[in-house]
Amino acid sequence: MNFIRTSWRFLGNASLSLWLIYALFAEFLIGSIIMRHHPSLFHALKDMTLQQWVVLYGANSLRATWWFLGALILLFLLALTTTVCGTDKLIATIGALRGSGLWRGLLKLSPSIIHLGFLLLLLGQLVSHTVGINLHGNILATSGTITVPGSRMKITLKELKVDFFGKGARFLGMDGSPRDCTGVLSIIDAQGHHDRVISINRPVWYKGWSFFIEDFYPKSRGVTRSPFINMVIRKDPGIRLMMGGAILFGLGLIMHLLLVTRFHINRGHSPVNVFITTVPSPVSHKRHHIRQE
Amino acid sequence: MISLRFPIETFYIASLIYGIALLCYLLKLKRLSVLCLVTAFTVNMISEISGRYLIWPYCNMFSEPFFLPLCLAGICLILIILKRDEQALSMVFMIVLFSCMAIFFSEGYYPPFTLMSKSIYAHLFHLFVFIAHGSLIAGAYLAIHSVFKKKRDDIPYQIIIWGFAVLCGAGLFGMVWSYMGRSDVISWNHYYFHSIAIWFYYVGFFHLHLIRGWDQKRKAWILLGGAFLIFWFDYLPQIGGLHIPGVLNARLYELY
């Protein structure tokens, strides 16, 4: 029990959080410089799970990947400290909510919402890159069919339309080059046929699966080979967590900014002082007080 | 039909007027300086809007060098409305400096064409990033300015808070754009990771108050460090790094 209490206090220490944040800053900064010299090593992460990448690339190229592995550990520790600090703060805030009024209560809760959003984003990223299906290199020609692995779904590319820039296009050197690519996917499953439009930056979602155009053919006019797309097939359980995290984070941030401004316009104080004094002091076993300047 | 050179030529005019605003400030003609600033801001805005309109729905992804003076001028005008004329006009030299860098060092107004840029999220991401960078640089400048004036001032920190909030918004839009185009919220390249590093830098800044001894004076230097990071890692690559300027040729600003 003492060990748990001591660990909780240690993880709830503000200095530790700050050290972790700046250590992550240093790791990512150094890592971005290393990445410039080894782009393909990290580009492989788009095609495979984190654990596959660690085994195939990470562990075998430690000179270039040490920072990334270190950053993963630091992110895990930061998630722990954020959880501990956030819990302490939430307990203190709930206790102080009585008699606060709705707006002041929301202001006190907004940092907790921001931190919760951050944790969900991290969790979503972890789930997305460790679990689920991520298949690249699925070539689908028009009227061709592929079966979605691990399911009874079949996908047919009913049609593919590639628009090209005409002569005298506004964009120099782009005459005859593609300017858009749109297709119609026909998804066949036990429920029947379902047609969906797919395009660049416009994926198709269907029953937890998502389909993206990674590349397409033809890239110029006048070719006679059958058009096709290079499709990415994903089943990503982490995406909903990330969306939830992003929404919470954004809401918490907007709430905090607007309410801080509201309180301080009404009182004639600078919003900054309240922002700074209401960000939680993550010290265990101490009640949170808003310091008045 | 508007020529593709219209945005860059209007940017030249805006830069000239920014220069006149600076001259008026140095000659202590404050009202004229403010008038020139308002005019230059309007012309710069026309340049920016036309630049986006001309290649809509595609996105002008690396136009930060041309947007930054606009953002800084906008912040100056907000400070003038808040009756902080001296602080606002002291920033004009920075606007002129960035305008000159865009004119003489930029590799071109329009980036190489990519279908990936055809997304509303690409537009939102880039706009939010440019506004965030402008706010964070302006906030850092004003914070250091107040340190040297030996005055306690909260305005720079308000600008930094809003700048960081906009930066977070940029991150969220960037994630959506990346997911829609690449099936992954993370772009596995160095641009993404140095942006994350800068984000963590500011996250750390906002938690400094939890540690004793971090007064406004010390925090101002942290902000200066953040502005330097943005300049070195985000701004410089968009002008092709530090290099001797080429011939000022409008043809450079046509799409390639």
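In what follows, chains are A, B, ... by sequence order, proteins preceding strands, each numbered from 1. The analysis underlying the following values was restricted to heavy atoms, covering all of them including side chains, and did not include hydrogens, waters or symmetry mates. Not measured: the values here are computed from a predicted model.
Separation of atoms CD1 (B:Ile186) and OG (A:Ser128) is listed at 8.0 Å; rounding is to 0.5 Å. With rounding to the nearest 0.5 angstrom, the CG atom of B:Asp184 is 8.5 Å from the CD1 atom of A:Ile239. Interatomic distance, B:Tyr201 OH to A:Phe25 CZ, rounded to the nearest 0.5 Å: 6.5 Å. A:Lys46 contributes atom NZ, which lies 7.5 Å from atom OG of B:Ser183 (distance to the nearest 0.5 angstrom). Between atom OG of residue B:Ser187 and atom CZ of residue A:Phe42 there is a gap of 15.0 Å, rounded to the nearest 0.5 Å. Summarising the geometry, atom CG belonging to A:Asn201 is positioned 10.5 Å from atom OH belonging to B:Tyr121; distances are rounded to the nearest 0.5 Å.
Neither the backbone nor the side chain of A:Leu41 comes within contact range of chain B, judged by heavy atoms closer than 4.5 Å. A:Gln125 touches chain B through its side chain: at least one heavy atom from C-beta onward sits under 4.5 Å away, while N, CA, C and O do not. Both the backbone and the side chain of B:Phe205 have a heavy atom closer than 4.5 Å to some heavy atom of chain A. At a 4.5 Å heavy-atom cutoff, the contact between A:Phe249 and chain B is made by side-chain atoms alone. Contacts between B:Leu115 and chain A at a heavy-atom distance below 4.5 Å involve backbone atoms as well as side-chain atoms. Using a 4.5 Å cut-off between heavy atoms, A:Leu121 contacts chain B through its side chain alone, with no backbone atom that close. At a 4.5 Å heavy-atom cutoff, B:Tyr191 makes no contact with chain A through either its backbone or its side chain. Using a 4.5 Å cut-off between heavy atoms, A:Ser15 touches chain B through backbone and side chain atoms alike.
Environment of NZ in A:Lys219: crowded, with over 12 heavy atoms of neighbouring residues, nucleotides or ligands closer than 6.0 Å. Within 6.0 Å of CH2 in A:Trp19 there are 12 or fewer heavy atoms belonging to other residues, nucleotides or ligands. Around the CZ atom of A:Arg202, the shell of radius 6.0 Å holds no more than 12 heavy atoms that belong to other residues, nucleotides or ligands. A:Met243 CE: 12 or fewer foreign heavy atoms inside a 6.0 Å radius.
Minimum heavy-atom separation, A:Ala246 to B:Leu172: CB-CD2, 3.6 Å. Residue B:Met180 comes nearest to A:Phe212 through the heavy atom pair O-CD2, 3.7 Å, listed as atom of the first residue, atom of the second, then distance.
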Could you check B:Tyr179 against A:Ser210 for side chain to side chain contact (heavy atoms under 4.5 Å, CB included), going step by step and ending with a plain yes or no? CA-CA 11 Å; B:Tyr179 179 74; A:Ser210 43; 3.6 Å; yes
Might you work through the side chain to side chain contact (heavy atoms under 4.5 Å, CB included) test for A:Leu29 and B:Leu229, ending with a clear yes or no? CA-CA 10 Å; A:Leu29 199 67; B:Leu229 287 169; 4.0 Å; yes
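Top candidate by heavy-atom pairs under 4.5 Å with chain B, chosen from A:Met242, A:Arg234, A:His43, is A:Arg234. Of the residues considered (A:Ile30, A:Leu253, A:Leu45), A:Leu45 shows the highest number of contacts with chain B, using heavy-atom pairs under 4.5 Å. Most heavy-atom pairs under 4.5 Å with chain A, from the set B:Val185, B:Leu208, B:Leu54: that is B:Val185. Here A:Leu18 is the residue among A:Leu20, A:Leu18, A:Val232, A:Ile200 with the most heavy-atom pairs under 4.5 Å with chain B.
Counting only distance, with no hydrogens or angles, the side chain of A:Arg36 and the backbone of B:His190 share no donor-acceptor pair below 3.5 Å. Side-chain N or O atoms of B:Tyr58 include one that pairs as donor or acceptor with a backbone N or O of A:Arg179 at under 3.5 Å.
Ring pair B:Phe193/A:Phe68 is perpendicular by interplanar angle, where above 60° counts as perpendicular and below 30° as parallel.
Outside the 6.0 Å centre-distance limit, the rings of B:Phe200 and A:Tyr22 are not counted as a close aromatic pair.
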